[in-house]
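If you're wondering where the values come from, they're calculated on a predicted model, not measured in any experiment.
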Amino acid sequence: MSEEPTFPPSEPGSGEVARMGDTPELSEDASDMADAGVLDSQQSGIAEELAEHDEAGNAEDTAHDAPEPPVLSDVLLAAEELWPESLAEEWDRVGLVVGRPEAEVDRIMFAVDPTLEVIEEALEWGAQLLITHHPLLLKGVNSVAATTGKGRAIHRLIEGGCALLTVHTNGDSAVGGVSDVLADILKLGDVQPLMPAVNGLVEEGIGRVGFLPAPEKLGDLAAKVFLTLPAVAGGVRVSGERDALVRKVAVCGGAGDSLFDAVRASDADVFVTADLRHHPASEAREARLDGRPYLIDLSHFASEWLWLPNAMVALGNVLADQGFAAELALSQTNTDPWDFILTPGN
């Protein structure tokens, strides 16, 4: 089992983008006059008045220059700049789920899943916006009554004054998205999309494929991935010879077995993804005489959690560039659905 990753604690003021604003200081002239021992009492009084005036002026300037918290519509514009909704797959449901565009947003929390536990965590921290990778309402519903799990989630968000924004396959496809993070972790070069986006840039699309700096053993590559992931019950599963050398790597955060045709077409030595099912994985092994692409199967949650810190920093930077300040934090809740696993000898 890998070690727990170091998450920022989900307490008020933690995991935040610091608000801008400098502490007011005395001007050199006023400070020198106030501190000089040669000044008589009258001169000292004048110097103190100058210092007080200077402090007040600087405080006023600081208050004027300090960035204001955004409203929800400002955050939506920043999110659209990073993760355009046009990049989402046709079947997907992304964007704002709950929230008033004019509502002020001081605190933003990122998570993989909008589970009730995550929502309670966000509300306890005081978040006015929860950004999750997975949609709450991917399939149509006829009711949001609090008698269902999804209904309770929506009720708690509205009652707690917390908006919900989904960044799903648009976050997968965008530059700096889920698969780009996996490619960066593996230090892949000459990276290209596995399935280029129809409505995006040439470097955007689902999945990535690139080259390791040098050939590596399959077992070593799997271990490298394993050690970067948050600890989950399922660990990492590998299909292939442990000592086989690999160089060209295809990656896809989240469920990737729909991409096998693209992986084979890319001539990748190994495919790193999540949620591989028996038949697609078995057929992929049978399709080529040499057994490639080898497979490294990750936890769905863990493979996509890796994107959250990068997404948080990226959004904070865009908001800062637009003159806004908000506190941003990562959820501390592990939403992987599995609690333990039994293996031979364990």
Side-chain angles (χ1 to χ4, degrees), residues 1-2 4-12 14-15 72 75 79 83 88 91-99 105 107-172 177-178 181 229-235 253-255 274-275 298-312 315 327-341:
M1 188 71 69
S2 63
E4 287 285 352
T6 304
F7 298 148
S10 55
E11 298 175 355
S14 66
L72 180 56
V75 182
W83 314 295
W91 52 265
D92 202 4
R93 298 294 179 266
V94 301
L96 187 64
V97 180
V98 171
V105 176
R107 289 183 171 181
I108 303 170
M109 180 171 283
F110 282 78
V112 174
D113 298 290
T115 63
L116 285 166
E117 187 178 358
V118 167
I119 290 169
E120 292 299 336
E121 177 191 8
L123 295 179
E124 183 177 347
W125 182 67
Q128 288 94 28
L129 173 60
L130 175 62
I131 299 178
T132 64
H133 186 57
H134 290 149
L136 177 64
L137 302 175
L138 181 60
K139 298 180 179 179
V141 296
N142 297 318
S143 169
V144 292
T147 53
T148 67
K150 293 185 185 296
R152 286 193 293 275
I154 290 173
H155 277 260
R156 287 299 294 130
L157 287 164
I158 294 174
E159 292 164 356
C162 183
L164 175 63
L165 175 65
T166 300
V167 179
H168 192 207
T169 53
N170 50 327
D172 291 329
V178 175
V181 171
L229 298 173
V232 293
D275 276 358
L298 315 177
S299 152
H300 192 128
F301 160 81
S303 70
E304 294 179 328
W305 184 92
L306 297 171
W307 169 72
L308 296 183
N310 296 60
M312 183 181 73
L315 182 63
E327 298 180 38
L328 292 92
L330 300 179
S331 168
Q332 304 302 289
T333 303
N334 181 342
T335 53
D336 188 271
W338 307 111
D339 296 314
F340 63 92
I341 187 170

Salt bridge (Lys or Arg N to Asp or Glu O under 4.0 Å) pairs touching residues 331-340, sequence neighbours excluded, are none
So OG of S331 and CD1 of I119: to nearest 0.5 Å the spacing works out to 10.5 Å
(Q) Between Q128 and G126 (side chain of the first, backbone of the second, donor and acceptor by atom type, cut-off under 3.5 Å), is there such a pair? (A) yes
Dump the intermediate steps for side chain to side chain contact (heavy atoms under 4.5 Å, CB included) on V178 and H133, then the final yes or no. CA-CA 10 Å; V178 175; H133 186 57; 3.7 Å; yes
Pair L330-W305, side chain to side chain contact (heavy atoms under 4.5 Å, CB included): steps then yes or no: CA-CA 10 Å; L330 300 179; W305 184 92; 4.1 Å; yes
Query raised in the report: Is the shortest heavy-atom distance from the side chain of W83 to the side chain of V94 under 4.5 Å?
Result: no
All heavy atoms of W125 vs all of E327, minimum pair found to be CH2-O, 3.7 Å
Between L315 and A79 the two heavy atoms that sit nearest each other are CD1-N, 4.2 Å
Take L130 and L165, measure what side chain to side chain contact (heavy atoms under 4.5 Å, CB included) needs, and give me the verdict at the end. CA-CA 6 Å; L130 175 62; L165 175 65; over 6 Å; no
Rounded to the nearest 0.5 Å, the CE atom of M109 sits from the OG1 atom of T132 at a distance of 12.5 Å
Value for CG (L116) from OG1 (T333), rounded to nearest 0.5 Å, stands at 11.0 Å
Salt bridge (charged side-chain N to carboxylate O under 4.0 Å, His left out) filter on E120, not counting sequence neighbours, yields R156
List the steps, then state whether side chain to side chain contact (heavy atoms under 4.5 Å, CB included) holds for T166 with R93.
CA-CA 8 Å; T166 300; R93 298 294 179 266; over 6 Å; no
Value for CZ (F110) from CG (L308), rounded to nearest 0.5 Å, stands at 8.0 Å
Heavy-atom closest pair (N334 atom, A231 atom, distance to 0.1 Å) is ND2-O, 3.2 Å
Looking at W338, I want to see if its CH2 is surrounded by more than 12 non-hydrogen atoms of other residues, nucleotides or ligands under 6.0 Å. no
Taking every heavy atom of E121 against every heavy atom of Q332, the minimum-distance pair comes out as OE2-N, 2.6 Å
> Looking at side-chain heavy atoms only, is the closest gap between S143 and T148 below 4.5 Å?
Replying inline: no
So CZ of R152 and OG1 of T147: to nearest 0.5 Å the spacing works out to 7.5 Å
Nearest heavy-atom approach of L137 to V97 is CD1-CG1, 4.0 Å
In this structure, CG of D172 is separated from CD of E304 (nearest 0.5 Å) by 6.0 Å
Side chain of K150, backbone of V144: donor and acceptor closer than 3.5 Å? no
Nearest heavy-atom contact between I131 and V167 is CG2-CG2, 4.0 Å
Original post:
Is the shortest heavy-atom distance from the side chain of P135 to the side chain of D92 under 4.5 Å?
Top reply: yes
Test side chain to side chain contact (heavy atoms under 4.5 Å, CB included), reference F301, set L229, V112, D275, output is V112
With sequence neighbours left out, the residues meeting side chain to side chain contact (heavy atoms under 4.5 Å, CB included) with I158 are V98, I154
